[in-house]
Q: 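Following this message is one structure expressed as structure tokens.
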Amino acid sequence: MCGELRAQNAGEQVVLMGWVNRRRDLGSLIFIDLRDRTGTTQLVFDHSANPALHDKAGSLRSEFVVAAIGKVRRRDEETINRNIATGEVEVAISELRLLNESRLPPFLPSETGPLNEEVRLKYRYIDLRREQMQFNIELRHKVALAIRQYLSSQGFLEIETPFMTRSTPEGARDYLVPSRVHPGSFYALPQSPQLFKQILMISGFDKYFQIVRCFRDEDLRADRQPEFTQIDLEMTFPQPDRVYEVVEGFLKAAFKAAGHELKTPFPRMTYDEAIRQYGIDKPDLRLPKMAGIRAAFTEEDLTALNIDGSMNMVAIRIPKVGKLSDREKKELRTLAEDIAKRNKDFVGVFYDFVQLEKKRPETAAKIRELCSAEADDLIVPVVGIAGKSFSEKNKRAQYIAAGEGRLELARKYADRHDAFKRTGDPDKDFKWLWVTDFPMFEYDDKENRWSAAHHPFTSPHERDMDKLESDPGAVRALAYDVVLNGTELGSGSIRIHRQDIQKKIFHALGMTEEEARSRFGFFLEALEYGTPPHGGIALGLDRIAMILAGADSLREVIPFPKTAKAIDMMVDAPTPVNEAQLKELGIQVRKQ
RNA sequence: GGGGACGUAGUUCAGUUGGUUAGAACGCUGCCCUGUCACGGCAGAGGUCGCGAGUUCGAGUCUCGUCGUCCCCGCCA
């Protein structure tokens with residue numbers, strides 16, 4: 001292959017096939033860099049050695065596909081190219097065959113400059129020839145392979161589940177597939193194989209996994225595609241610890257395949273701690289947590305600064321930001337006002353800490369101490385404003401507001417604190433975390449009811465069982481997330497295996513017996529036939545690959561991704577279909 | 001659904017206060033070149049300024065609409 005020849009291959013007769021990456025025509029001497037997936041090798045055509053062959057080489061253009069036969073030879077010391085792996089050798093060609101020509105592509109795979117994503121996606125087959133994309137796709141393969149091998153070695157069976165299944169109204173919007181045989185009826189593409197894997201547990205396949213495509217018809221983000229790949233697994237008789245162990249095991253194997261040694265076990269934190277210390281359920285541990293600063297304020301401070309002493313008081317600290325320019329101060333003020341506004345102005349943000357230091361030097365000094373702040377760190381205290389009345393919900397909202405501010409500031413000053421920069425040390429580059437004890441329910445303000453925070457098959461904490469009716473908001477779930485650098489990589493839980501508890505949960509969700517039966521009847525019935533305790537998790541393979549590739553978007557690790565409007569630019573999907581097709585499916589399209 | 005950024009040559013971009021013939025780099029074509037490797041030199045081709053209205057004597061530039069791409073909020077159990 002084009003990337004494999006080394007000095008010790010000198011003298012060998014070789015056949016290379018690949019694409020013309022670059023040509024350097026020096027007149028009676030032509031160099032061609034021939035490229036395949038493994039790299040490039042320099043081919044040499046010398047007019048004095050073979051005029052006809054040299055002329056043939058002169059007609060080659062970028063991305064032509066050729067086969068070349070020749071002898072590997074060591075380069076002279078002064079012509080060695082230290083920048084590439086094959087730089088010590090070149091191939092003196094004796095026979096050249098043009099396998100295919102190429103139109104001039106809209107961009108060249110060998111170009112390194114920035115490229116509009118629209119062009120890249122339209123000509124994805126060209127884009128994928130670029131070294132970075134070849135690397136990313138191979139990386140993804142290696143990661144998936146390592147995970148398969150690890151899980152298989154641990155006794156997990158990879159079992160496929162249907163793509164054409166039943167629509168369930170819970171959760172994300174479904175992609176629907178019309179049935180020709182049953183006009184007016186639809187299959188749904190799975191949002192995840194959740195119920196099937198639980199059924200497999202009931203069926204006695206005690207350790208299941210699947211690297212599987214999932215589909216959700218929701219709006220996209222840089223880290224969200226309508227179809228994405230999950231590493232889905234489930235096992236019988238597990239404690240959460242057993243799930244953590246398995247996940248840590250395969251992540252370790254996956255990261256090793258990508259060249260990084262991870263330390264396990266990962267740290268853990270309850271949901272409650274995460275909210276209080278980071279204001280978010282997926283903390284990025286590369287940045288300092290928010291410090292409680294109540295102790296810094298005297299009663300007199302509170303009155304003078306119009307602060308409610310019973311509210312949370314935390315300080316955001318962003319390291320090494322240094323002095324702010326006037327413009328940055330103004331931006332910080334705008335950010336603070338946005339945060340306050342989003343929280344109906346019960347949150348107060350000290351956007352000008354320097355001012356506070358002037359007005360209240362002692363208090364400010366104590367805040368610095370409580371944050372363990374260095375002199376050039378940016379400190380932004382977030383407090384509750386006096387005279388407002390606060391609920392528990394307000395308190396949590398305040399932490400979340402501070403957490404949002406923390407992330408926004410961290411992103412803004414990323415080039416100063418360097419916390420997001422790779423160091424090469426996996427302990428610093430990859431900050432892992434298990435977030436545990438999520439709340440079982442969230443209150444849906446729009447629909448005025450409780451909804452499942454994870455999904456309705458999640459088991460509540462044994463201790464909180466009695467609060468299901470009386471205080472649903474306080475019920476904790478045996479649910480956990482695995483978080484890497486502030487990105488949620490996976491989410492799982494111990495499931496309910498008893499029908500009576502499952503019924504209670506549906507009841508707490510405001511679902512009647514009939515509703516539950518009509519939606520999940522088959523599943524409730526299955527629960528009645530000797531269901532073992534079981535639990536599992538699902539992780540986003542695309543996100544793992546994205547982080548390992550150092551990319552900012554899933555599109556960099558998915559060969560054929562969709563745009564923010566869920567369009568495939570290469571094949572131009574989706575499209576309308578003809579009337580006959582619709583008729584056969586019994587579908588009529590409503591005109592807008 | 002909402003907010004923001006962008007759209008000019010094949011590609012990446014510049015284009016001043018609205019002014020006469022819209023530029024650069026890379027790529028492309030031709031010629032020259034025997035040690036290049038992002039080869040070099042000379043010459044050349046290449047434009048519906050996303051699209052549609054409007055303001056104006058005059059629009060790449062201003063206004064409105066529309067389409068597309070990206071980012072964020074909502075949404076995503």
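A note on names: the letters A, B, ... follow the listed sequences, proteins ahead of strands, and every chain is numbered from 1. The structure displayed is predicted, hence computed values, not measured ones.
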Q: Taking the side chain of A/Glu218 as its heavy atoms from C-beta onward, which of B/rU11, B/rC75, B/rU36 lies nearest to it?
A: B/rC75
Q: Quick one: is B/rU36 close enough that its OP1 or OP2 comes under 4.0 Å of any side-chain N or O from A/Thr79?
A: no
Q: If you check every side-chain atom of A/Asp219, which of B/rU34, B/rC76, B/rC75 has the closest atom?
A: B/rC75
Q: Just compare B/rU11, B/rC28, B/rC37 and give me whichever is closest to any side-chain atom of A/Ser62.
A: B/rC28
Q: Examine B/rG40: is either OP1 or OP2 under 4.0 Å from a nitrogen or oxygen in the side chain of A/Arg23? Give yes or no.
A: no
Q: Is a donor-acceptor contact shorter than 3.5 angstrom present between the side chain of A/Arg224 and the base of B/rC76?
A: yes
Q: Side chain of A/Asn81: nearest nucleotide among B/rG68, B/rA38, B/rU11?
A: B/rA38
Q: Would you mind classifying the nucleic acid contact of A/Glu442 as base, sugar-phosphate or nothing, using non-hydrogen atoms under 4.0 angstrom?
A: nothing
Q: Where the side chain of A/Leu29 is concerned, which of B/rC70, B/rG27, B/rU34 is the nearest nucleotide?
A: B/rU34
Q: Checking all strands, does A/Ser491 fall into the base, sugar-phosphate, or nothing category for heavy-atom contacts under 4.0 angstrom?
A: nothing
Q: Could a donor-acceptor pair under 3.5 angstrom be found where the side chain of A/Asn116 meets the base of B/rU69?
A: no
Q: Please confirm whether any donor atom in the side chain of A/Gln42 sits under 3.5 Å from an acceptor in the base of B/rU36, or the reverse.
A: yes
Q: Between B/rG68, B/rC75, B/rC39, spot the one nearest the side chain of A/Arg173, thanks.
A: B/rC75
Q: State which of B/rU69, B/rU12, B/rU36 makes the closest approach to the side chain of A/Pro114.
A: B/rU12
Q: Any N or O donor-acceptor pair under 3.5 Å from the base of B/rG27 to the side chain of A/Arg103?
A: no
Q: With nearest nucleotide decided by heavy atoms, which residue, A/Pro106 or A/Gly87, maps closer to the 5′ end of RNA chain B?
A: A/Pro106
Q: What is the separation between atom CD on A/Glu88 and atom C1' on B/rU36, rounded to the nearest whole Å?
A: 17 Å
Q: With a 4.0 Å cut-off on heavy atoms, is A/Arg22 in touch with a base, just the backbone sugar-phosphate, or nothing at all?
A: sugar-phosphate
Q: Pick base, sugar-phosphate or nothing for A/Gly171, based on heavy-atom distances below 4.0 Å to the nucleic acid.
A: sugar-phosphate
Q: With sugar-phosphate meaning primed atoms plus P, OP1 and OP2, does A/Arg35 contact a base, only sugar-phosphate, or nothing at under 4.0 Å between heavy atoms?
A: nothing
Q: B/rC70, B/rA38, B/rG27: which one has an atom nearest the side-chain heavy atoms of A/Glu117?
A: B/rC70
Q: Can a side chain N or O of A/Arg221 be found less than 4.0 Å away from OP1 or OP2 on B/rC73?
A: yes
Q: Reckon A/Arg555 touches a base, only the sugar-phosphate, or nothing at all at heavy-atom distances under 4.0 Å?
A: sugar-phosphate
Q: Can A/Phe107 be called stacked on B/rU11 when the rule is centres closer than 5.5 Å and an angle between planes below 30°?
A: no
Q: Here's a test for you: under salt bridge (Lys or Arg N to Asp or Glu O under 4.0 Å), which of A/Lys412, A/Arg416, A/Arg333 qualifies with A/Glu328?
A: A/Arg416
Q: Categorize A/Leu115 for me: base, sugar-phosphate, or nothing, with a 4.0 angstrom heavy-atom threshold over every strand shown.
A: sugar-phosphate
Q: Using only modelled atom types and a 3.5 angstrom limit, is any donor from either the side chain of A/Glu90 or the base of B/rG35 paired with an acceptor on the other?
A: yes
Q: Quick one: is B/rC39 close enough that its OP1 or OP2 comes under 4.0 Å of any side-chain N or O from A/Arg24?
A: yes
Q: Do A/Arg82 and B/rC37 have a side chain to base donor-acceptor pair shorter than 3.5 Å?
A: no
Q: Let me know which of A/Thr41, A/Asn21, A/Ile84, A/Leu43 forms a side-chain contact (heavy atoms from CB on, under 4.5 Å) with A/Asp33.
A: A/Asn21
Q: Heavy atoms only, 4.0 Å cut-off, all strands: where does A/Ser28 land among base, sugar-phosphate and nothing?
A: base
Q: Using a strict 4.0 Å threshold on nitrogen-to-oxygen distance, state whether A/Arg22 and A/Glu111 make a salt bridge.
A: no
Q: Among A/Pro460, A/Ser493, A/Pro472, exactly one meets side-chain contact (heavy atoms from CB on, under 4.5 Å) together with A/Met440. Which residue is that?
A: A/Pro460
Q: Report which part of the nucleic acid A/Asp76 touches: base, sugar-phosphate, or nothing (heavy-atom distance under 4.0 Å, all strands).
A: nothing
Q: What's A/Leu104 touching, base or sugar-phosphate or nothing? Going by heavy atoms closer than 4.0 Å.
A: sugar-phosphate
Q: Would you kindly check whether a donor in the side chain of A/Arg75 faces an acceptor in the base of B/rU36, or vice versa, at under 3.5 angstrom?
A: yes
